[in-house]
Structures are given as C-alpha cells and as structure tokens.
Amino acid sequence: MEEFGKTEAALIAARRENLAALRSRNKDPFAQRRCEVNATADELVARYAFLVPGQDASAEGWSLAGRLLSKRTMGKTVFADLADRTGRLQIYIRKQDVGDEAFADWADLDRGDLLGVRGYMFRSKMGELTLHVTSFVAIGKALMPLPDKWHGLQDVEKRYRQRYVDMIVNPDVRDTMIMRSRLIAEMRRFIDERGFYEVETPTLLHVAGGAAARPFVAHCNALDQEMQLRIATELNLKRLIVGGMERVYEIGRIFRNEGIDTTHNPEFTMLELYAAYWDVSDMMDFNEALIAHLVSTVTGGGTDLPHGDGPISFTRPFARIEYLDAMAQYSDGKYTRDVLLDPAGAQAIAHELGLPRSPTHGHALDKIFERVLEPHLVAPTFVTGYPVAISPLAKRRAGDPEITDRYELFCARMEISNAFTELNDPDDQRARFEAQVAERISGDEEIPDPDWDFVRALEYGMPPTAGIGIGVDRLVMLLTGQRSIRDVLLFPLQRQHG
RNA sequence: GCGCCUUUAGCUCAGCUGGUAGAGCACCGGACUUUUAAUCCGUUGGUCCCGGGUUCGAUCCCCGGAGGGCGCACCA
C-alpha cells in the first residue's frame with residue numbers, strides 16, 4: 001500500500017481506497033438505487049422509551065437510513081451514531097451477528113458515509129436507546145473528510161459558504177432551518193384558514209415600487225429593456241384587490257440593493273397580505289393572533305419567548321402606543337406633534353441628536369424614531385398613527401389628515417410588521433407620488449419612480465382595504481432566538497472570491 | 001464607506017522583542033464483544049491568506065491587497 005501523508009488529498013485518497021475496497025466486494029455504495037426505510041430516529045426513541053438498560057425488543061424489526069457521524073470500535077463490536085432528518089440514533093454492530101464479510105465491509109465505512117440499517121431496539125448498559133443492527137448497506141460515500149466531531153465547523157465563513165457541511169456537523173443549524181420551514185407552513189395554514197388566496201406576482205418589474213429602497217437592476221434580452229427586481233409586492237397585490245380577489249397574500253422574495261449586516265440580507269422573504277373590507281384595527285387583531293399562534297407553535301403552547309434580557313411575553317393583548325404620544329413620552333415632552341410634523345422642526349431634532357442630515361422630512365422622522373423609541377420596544381408593542389410624511393401608501397386618519405391609520409409592531413427592538421388601511425383615493429395617491437418625485441430630486445435616492453399604472457388601477461375603484469407586511473426572516477430570528485439574519489437563511493449572500 | 005478584530009495541519013486552536021512551527025481531534029497501523037468526545041500504544045500530516053519591504057534571517061515588524069466577523073454609517 002502506498003504511503004500517504006495526512007494532507008486533505010491524502011484523507012480523500014484513504015476514503016477512495018475504502019470505496020474501491022467496497023466495490024471490489026460488489027458493495028458499491030453508489031450502485032444503490034433506493035433504500036427501504038420504515039422508521040426515523042425520533043420515532044424509535046419515542047416508541048421504546050419504556051425499555052430498561054439491558055432490555056431489548058428483538059421481536060420488532062426496523063429499517064432506517066442516515067449519515068454515519070461517529071464510530072466507536074471495540075474489536076469485534078462497534079457503537080456508532082446515525083443521523084437522519086429527525087435526529088441521532090446510536091447503532092450497535094457485532095461481528096457475530098453480521099458475519100465476517102459484512103464486518104469487513106463495515107471497516108471500509110468512513111465517518112460521513114450514508115447507510116441503511118436493519119435491526120431491533122434495545123437499551124444499552126449505559127442507558128442509551130440503540131438499534132442492534134442485523135444488516136446494513138452503504139448507500140453513499142463521503143469522499144471529503146468531515147470537520148472535528150466535537151467542535152463541529154466553527155469557521156463562520158466556511159459555515160455559510162458550505163452550508164451542507166455546517167448542517168451535517170452542527171445539528172442546531174438544521175433544527176433552526178426545519179423550524180423555519182414549520183413556522184412558514186404554520187403561517188400559511190393560519191392565513192389559508194381565513195379564506196385568503198396565495199398568489200405569486202412578478203419579481204422582474206419595469207418599475208420597482210411599494211417601498212423606499214434601491215433596486216437591483218437586470219437586463220431582459222428578449223425585450224432589450226432594463227428591469228428591476230422587486231423591492232415589495234405591495235402594488236401588485238393591491239391591483240389584485242382592485243381586480244376583485246378580496247383576500248390575497250404572497251410569501252415572496254424581496255430584493256433590496258443595500259447594506260448587509262446582522263439584520264439585513266440583500267434578498268429576504270416578506271409576507272404581504274391584503275384584506276378588502278378590513279381596516280387597520282381588523283389587521284391588528286389578525287396580526288396579534290398570528291404572532292401569538294406562532295409563539296405557541298414554537299414554544300409548544302406557551303406565550304413566552306426566551307430573550308437576552310429575560311423572556312418576552314406574547315400574552316394578548318400586546319401593548320399599544322400612539323406614535324406621537326410615545327415620541328413625546330420618551331423625550332420628556334420635547335418632541336411634540338407640532339415640532340415633529342414640521343419639516344424644519346424634525347430636522348432640528350435630528351441635528352440635536354447628532355444624526356446626519358436627512359434628505360427629507362420623512363427620513364428625519366425615521367432616524368429620530370430609531371434613536372428615541374426603538375431601543376425601548378422589547379415587549380411586543382403596536383406603535384400606531386404614523387405621520388403621513390412617512391406613509392405614502394396609507395390612508396389618512398378620519399379627522400386628522402396629517403396622521404395615517406397605520407401601525408408597526410415591534411418586538412425585541414426589531415420591526416416585525418407594518419400595516420395600514422390602504423389609501424384608495426387615486427387623487428390623493430397621485431398627489432403623494434408627485435410629492436415623492438420632488439423629494440427624489442432633492443436627494444433621497446431610495447424613493448422609487450412612481451408607478452403611474454398603480455394610480456390608474458385605483459381609478460377603477462379599490463374597496464376599503466387593510467394590508468400588512470411581515471419580515472419573515474426577522475420573525476424567524478425572533479422565534480428561534482437567532483441573533484443574525486444569516487443564521488435563519490440557508491445560503492446568505494457572500495462575496496465571491498477566487 | 002469608516003473603525004476594531006480575524007485568517008497557522010482536513011477540523012478546533014497554541015505559537016514567548018525576529019532564529020524556517022506545535023497540541024487535541026480526524027486519518028493510518030496495532031489491542032479491545034455494551035461504548036458514547038470510548039480507551040490504550042505507535043506513526044503521519046504545513047503555500048503560517050496573497051504581494052511587496054525592513055533584516056544575515058519574517059508566522060511574528062512595516063506597507064499594500066483579498067476573504068470573513070463585529071460596531072458605526074447606510075437600510076421606513
């Protein structure tokens with residue numbers, strides 16, 4: 001046998017030798033087409049919880065499949081760990097049970113290989129539920145060496161770039177992603193139950209609107225036109241309300257060509273939902289019920305989520321504060337309605353707080369809000385009554401035209417949802433778009449080009465409607481206790497490198 | 001964009017004002033029929049992120065660059 005050093009190439013070569021050995025005995029793992037499976041790790045652990053150490057259930061045979069994560073060999077017996085999508089199960093193999101030839105095959109299995117096993121359950125002397133293997137078959141080979149069995153993969157960059165390795169050796173990553181999948185399924189079920197239609201609107205648009213953000217641009221060869229990736233689904237979903245669908249939602253990918261940090265990824269997932277004949281308070285009820293339901297899902301029926309500074313309670317009703325009242329309250333009465341709603345007054349406050357000069361009144365208000373209010377919003381709180389200056393698509397409040405029927409829900413200092421009674425007056429909408437054109441000219445590059453066809457749609461008549469947007473990734477962060485958005489995304493964006 | 005930190009074996013990490021690198025795990029060989037980070041014995045493994053500079057000599061000091069993380073800025 002050739003002498004190998006232990007570089008990565010040598011580790012791969014050793015695994016290839018084992019593969020060749022299996023093939024020479026007609027046990028090629030890659031020749032396997034399917035694998036009989038009638039149980040999962042979790043099912044077996046639950047089913048045989050009653051077994052006492054030393055006791056077995058040899059009358060009942062099971063087949064399962066998964067990845068070999070560790071081997072503990074003691075001469076003629078082996079304990080090993082097999083992981084499937086539900087978790088880990090210890091397996092036990094004896095030479096006297098499987099025979100010399102199969103036991104030789106076992107020696108050619110490496111950590112990371114995929115295999116199917118048959119056997120029966122017992123509880124080992126040390127108390128662990130274990131599958132006593134009567135036969136096994138290799139169904140795939142890991143030619144690449146796995147990271148450290150104890151420390152797993154810690155290199156953050158490698159974890160994101162090679163998420164498949166991360167998931168193999170760091171089970172909590174897989175758990176988080178599975179929880180994300182469940183939460184989105186649960187969200188969908190909750191919404192569907194209430195008579196909403198799920199729709200899919202275009203990602204490629206000529207004019208990306210519905211939010212203030214810089215879009216990604218793309219070129220369509222067939223049309224020879226520049227396209228933008230959507231920054232929101234809002235305008236198209238409201239077109240569907242005009243069209244008569246009445247209750248629609250989309251859980252869709254949104255693209256914003258902006259910064260990347262622990263709460264921002266250039267592409268992210270947003271739930272937007274619109275209900276004809278509802279107003280913002282109907283939506284608030286819906287929102288509260290949805291969030292409480294998801295908290296219950298993740299906690300197994302509870303109302304509290306663990307958090308850094310102690311648990312956060314999601315007992316209904318959530319707190320409610322008026323935007324202007326809260327601003328006054330947290331500034332000892334200094335930031336009054338009159339000052340905030342005056343563009344010069346808002347700029348003066350922003351300056352006093354040491355914030356950079358804002359290009360628009362709305363921008364300044366947002367900066368002040370983030371500095372003054374957001375740090376206090378740990379418990380779930382609906383902030384209601386946003387100024388019209390920062391709500392270009394929301395309906396004005398009856399009897400108070402400078403304020404809109406809008407709220408945002410905050411938890412753990414993060415904005416979780418944004419909802420309002422939709423503006424359905426086409427003349428008001430056109431006027432606000434025109435005002436935005438002026439703001440764009442004055443330097444706010446994030447203000448999109450107006451979507452004039454949207455105004456035309458409103459001219460055909462949109463019923464009173466409430467709409468909501470929920471940042472799904474941030475909600476999953478909150479519900480799973482992850483501190484970085486990258487830890488709830490399967491493949492967060494990374495710079496390409498050579 | 002700015003600042004701080006970081007990059008050393010397949011993985012996790014050490015490395016002393018500057019003298020051409022170590023450990024654990026993994027791997028390979030051996031012992032072992034209820035282990036669980038199995039254990040014990042023996043071996044093996046390096047583009048010290050890249051490019052310059054200073055120096056007799058650079059993983060280490062200096063300059064530039066790349067990747068990543070965090071904070072700030074940006075981001076309703």
Side-chain angles (χ1 to χ4, degrees), chain A residues 1-15 17-18 53-54 56 69-81 88 90-97 103 110-112 122-128 130 132 142-161 165 169 210-214 231-232 256-266 268 354-356 358 360 362-370 374 383 386-387 389-394 406 408 415 418 420 444-447 469 471 483-484 486 492 494-498:
Chain A
M1 207 217 297
E2 196 178 342
E3 195 71 35
F4 289 107
K6 295 308 186 302
T7 60
E8 185 177 30
L11 295 171
I12 294 167
R15 284 165 177 263
E17 276 188 20
N18 287 342
D56 68 43
L69 284 188
S70 66
K71 289 169 80 175
R72 295 178 290 281
T73 306
M74 281 150 299
K76 299 182 180 67
T77 66
V78 183
F79 281 92
D81 292 321
R88 245 177 221 243
Q90 179 166 261
I91 62 176
Y92 175 61
I93 293 163
R94 291 195 304 195
K95 190 174 187 177
Q96 79 183 60
D97 297 324
F103 205 72
D110 292 299
R111 194 166 84 95
F122 76 107
R123 193 181 288 279
S124 73
K125 276 183 188 169
M126 299 302 285
E128 181 159 353
T130 305
H132 192 129
L143 296 173
M144 297 293 287
L146 260 50
D148 193 283
K149 67 181 174 186
W150 183 244
H151 300 96
L153 186 63
Q154 301 296 324
D155 184 311
V156 177
E157 179 180 357
K158 196 163 285 188
R159 286 186 49 221
Y160 296 145
R161 290 189 192 275
V165 179
V169 297
R214 277 167 230 185
I231 56 174
R256 295 187 181 174
N257 205 345
E258 288 163 355
I260 300 177
D261 61 32
T262 48
T263 54
H264 297 81
N265 193 65
F268 61 101
L355 296 165
S358 292
T360 63
H363 191 267
L365 287 176
D366 281 327
K367 293 294 116 189
I368 296 165
F369 184 93
E370 280 170 26
E374 228 175 70
V383 180
Y386 278 67
I390 49 176
S391 312
L393 299 161
R406 172 184 171 195
E408 290 193 346
E415 178 198 332
N418 175 25
F420 39 88
D444 193 339
E445 291 174 28
E446 279 154 13
I447 292 177
R483 282 189 309 195
S484 169
R486 296 180 202 108
Q494 297 275 289
R495 190 180 293 274
Q496 189 170 40
H497 67 356

Touch class at under 4.0 angstrom, heavy-atom based, for Y92(A) against every strand present: base
Of the listed nucleotides rG10(B), rA76(B), rC28(B), the one nearest the side chain of E408(A): rA76(B)
Stepwise side-chain contact (heavy atoms from CB on, under 4.5 Å) test for F103(A) and Q96(A): CA-CA 9 Å; F103(A) 205 72; Q96(A) 79 183 60; over 6 Å; no
Sugar-phosphate, base or nothing in reach of F369(A), heavy atoms under 4.0 Å: nothing
Touch class at under 4.0 angstrom, heavy-atom based, for R486(A) against every strand present: sugar-phosphate
Sugar-phosphate or base contact per nucleotide [nucleotides 35-41 of chain B; S, B, -; heavy atom under 4.0 Å]: BBBB---
Out of rG69(B), rC28(B), rC74(B), whichever nucleotide has its closest atom nearest the side chain of Q494(A): rG69(B)
Sugar-phosphate only, base, or nothing, as touched by P387(A) at under 4.0 Å among non-hydrogen atoms: nothing
Touch class at under 4.0 angstrom, heavy-atom based, for K158(A) against every strand present: sugar-phosphate
Heavy-atom check, side chain of R15(A) versus side chain of L11(A), under 4.5 Å: no
Heavy-atom closest contact (P147(A) atom, G152(A) atom, distance): CB-O, 3.9 Å
Side chain of E157(A) (C-beta onward), nearest among rU33(B), rG68(B), rA76(B): rG68(B)
Heavy-atom side-chain proximity of N257(A) to P266(A) below 4.5 angstrom: no
Evaluation steps, side-chain hydrogen bond (donor to acceptor under 3.5 Å, both in side chains), between D56(A) and H132(A): CA-CA 9 Å; D56(A) 68 43; H132(A) 192 129; over 6 Å; no
Any R123(A) side-chain heavy atom under 4.5 Å of P53(A) side chain: yes
Evaluation steps, side-chain contact (heavy atoms from CB on, under 4.5 Å), between R256(A) and E446(A): CA-CA 10 Å; R256(A) 295 187 181 174; E446(A) 279 154 13; over 6 Å; no
Using the 3.5 Å cut-off, write out each protein N or O paired with an N or O of nucleotides 1-5 of chain B and the distance between them.
none

Sugar-phosphate only, base, or nothing, as touched by E446(A) at under 4.0 Å among non-hydrogen atoms: sugar-phosphate
Intermediate values then yes/no, side-chain contact (heavy atoms from CB on, under 4.5 Å), V383(A) and F369(A): CA-CA 11 Å; V383(A) 180; F369(A) 184 93; 4.0 Å; yes
rG53(B) versus rG57(B) - spacing of their C1' atoms, nearest Å: 14 Å
Atom-to-atom span, CD1 of I260(A) to P of rG71(B) - whole angstrom: 14 Å
Centroid-centroid under 6.0 Å between Y92(A) and F122(A) rings: yes
Nearest heavy atoms of R406(A) and N418(A), plus distance in Å: NE-OD1, 2.9 Å
Shortest side-chain distance from D261(A), nucleotide among rG68(B), rG71(B), rA73(B): rA73(B)
Touch class at under 4.0 angstrom, heavy-atom based, for L153(A) against every strand present: sugar-phosphate
Verdict with supporting geometry, R72(A) and D81(A), side-chain contact (heavy atoms from CB on, under 4.5 Å): CA-CA 9 Å; R72(A) 295 178 290 281; D81(A) 292 321; 3.2 Å; yes
Given RNA chain B, 5'-ward residue of the pair T262(A) and K367(A), judged by closest heavy atom: T262(A)
Secondary structure string for RNA chain B (Watson-Crick or G-U under 3.5 angstrom, | for other-strand pairs): (((((((..((((.....[..))))..((((.......))))......(((((..]....))))))))))))....
